[in-house]
Amino acid sequence: MKKKTYRFSSAPVEVYFDANLRQLGQLVDRKKAIIITDENIFSAHQPKFKNWNVITLKPGEEYKIQQTVDTIITQLIGFEADRQSVLIGVGGGVITDLTGYVASIYMRGIRFGFVPTSLLAMVDASIGGKNGIDVGEYKNMVGIIRQPSFLFYDTTLLQSLPNKEWSNGFAEIIKHACILDRPMFKILEGTSLGKLQQKKSQLNDLIKRNVQLKSGVVKKDEWEQGDRKLLNFGHTLGHALETQYDLTHGQAVALGMVFAGWLSEKLLGYKDLSRLEQTIQAYGLPTRAAFEVEKVFNVLKMDKKRVSKTMNYVLLARTGKGVIVPIPVDELKGYLTEFNALK
Ligand SMILES: NC(=O)c1ccc[n+]([C@@H]2O[C@H](COP(=O)([O-])OP(=O)(O)OC[C@H]3O[C@@H](n4cnc5c(N)ncnc54)[C@H](O)[C@@H]3O)[C@@H](O)[C@H]2O)c1
Ligand SMILES: [Zn+2]
């Protein structure tokens, strides 16, 4: 187990790499800890939860809601959790978002940490301190920015992760490479999902590098005033597609990255669109899908990144260099139409 401390303005986060869930007792007192996890993770790794207080939730985004928060709070009261208690979210992004949120409001805030179990949670959701829940169709509508006390990485947990969840994680890893890290893009294009699943040490290095990348961005811009916006690469069109079609988050973001890459070629002379598409495919993700422009545009124009009639779009000046380009909303519709007509 190796420890690294990331200092954010509000609090330090201790990050443990190369750890095993069985070592969690070295970090927190079992009597004071309550683990929050979901049924999939609990059933795949049951022995590792032995002798811990555990709250097991139903899996899925549809449970990232207030009603689940109430259920958790009722169970915490049942466990007689107090201000000295520590909540530990062992799970994907749904569990980490929920755990951070509940820990931030229970008795006006108690300590919490995460053991991310999905690749997406390892490289993205557990980092940065954003916690919260969905309200109706509005994702992450309610929440708080508060850093966990610790992040604990046990990558052996990934052995039970379904393939489509691996691809979701890689969509974010490819995103990080595109906006911030050209050498990592080269590593990714030199290998593939299947190969990395076999090469544990290379995968571990990649996870660490992504933790470093996202933490670095968050540290510089904890309250999302500037650089943190780059992390939305692929997500503007991605979110709009995800709400209108039956796509996973990774699939939608992949399509969003291809559109942003195409637009970068057109507006900024970005040269690596075909490399981007090949890399996306190597991780089980799609690069093209026809959509109804009108329908998608109506959602897209309501995006949080819109300021009046202009959208702050994340494009690539080159691989490894994301930039924010203001694009008039009307022009964006024209670009979407043109892109959608391509074969
Ligand atoms: N807070 C942030 O900054 C941030 C950033 C990105 C995403 N998110 C949130 O994260 C969520 C998505 O995260 P996710 O993709 O991890 O979703 P998730 O938590 O729903 O996990 C995906 C699926 O994989 C299963 N799973 C997770 N780990 C497993 C394992 N080791 N073995 C077997 N099954 C496992 C889960 O049970 C679930 O069915 C969304 O709610 C999103 O809003 C938050
Ligand atoms: Zn994402």
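Each ligand, and each atom within it, is numbered from 1 in the order the structure gives. Since we're looking at a predicted model, the values are computed, not measured. Basis for what follows: all heavy atoms, side chains included, without hydrogens, waters or symmetry-related copies.
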S.K.: Answer yes or no: does an N/O atom from Ser118 fall short of 3.5 Å to an N/O atom of ligand 1?
M.R.: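 In this structure, Ser118 places an N or O atom under 3.5 Å from an N or O of ligand 1.
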S.K.: Report yes or no: does Glu172 have an N/O/S atom closer than 2.8 Å to the Zn ion (ligand 2)?
M.R.: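 Of the N, O and S atoms in Glu172, at least one lies under 2.8 Å from the Zn ion (ligand 2), which means yes.
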S.K.: Determine the sole option in Val54, Thr68, Ile72 for which the side-chain contact (heavy atoms from CB on, under 4.5 Å) test with Ile36 is passed.
M.R.: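 Between Ile36 and the candidates, side-chain contact (heavy atoms from CB on, under 4.5 Å) is satisfied uniquely by Ile72.
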S.K.: Look at ligand 1 and say whether Asn168 reaches it with a heavy atom at a distance under 4.0 Å.
M.R.: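 Flag not set, Asn168 not near ligand 1.
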S.K.: Looking only at the side chains, is there a donor atom on one of Asn168 and Glu165 sitting less than 3.5 Å from an acceptor on the other?
M.R.: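 There is such a pair between these side chains.
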S.K.: Do Tyr270 and Leu263 come within less than 4.5 Å of each other through their side chains, counting heavy atoms only?
M.R.: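 With C-beta onward as the side chain, the pair stays apart.
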S.K.: Heavy-atom distances under 4.0 Å decide this one: backbone, side chain, both or neither, for Thr96 against ligand 1?
M.R.: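 Answer for Thr96: neither.
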S.K.: Between His249 and ligand 1, which part of the residue brings a heavy atom under 4.0 Å of the ligand: side chain, backbone, both or neither?
M.R.: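 For His249, no heavy atom sits under 4.0 Å from ligand 1.
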S.K.: Mark the output for Lys214 as yes if a heavy-atom distance to ligand 1 is under 4.0 Å, and as no if none is.
M.R.: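 Lys214: in contact with ligand 1 (<4.0 Å).
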S.K.: Counting heavy atoms only, which of Val94, Leu161, Val90 comes nearest to atom 26 (N) of ligand 1?
M.R.: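 Closest candidate by heavy-atom distance is Leu161.
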S.K.: Out of Leu231, Val123, Asp134, Leu120, who is nearest to atom 12 (C) of ligand 1 when you count heavy atoms only?
M.R.: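 Comparing heavy atoms across Leu231, Val123, Asp134, Leu120, the nearest one to atom 12 (C) of ligand 1 lies in Leu120.
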S.K.: Is ligand 1 under 4.0 Å from a heavy atom in the side chain of Glu165, in the backbone, in both, or in neither?
M.R.: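 Looking at Glu165 and ligand 1, just side chain atoms fall under 4.0 Å.
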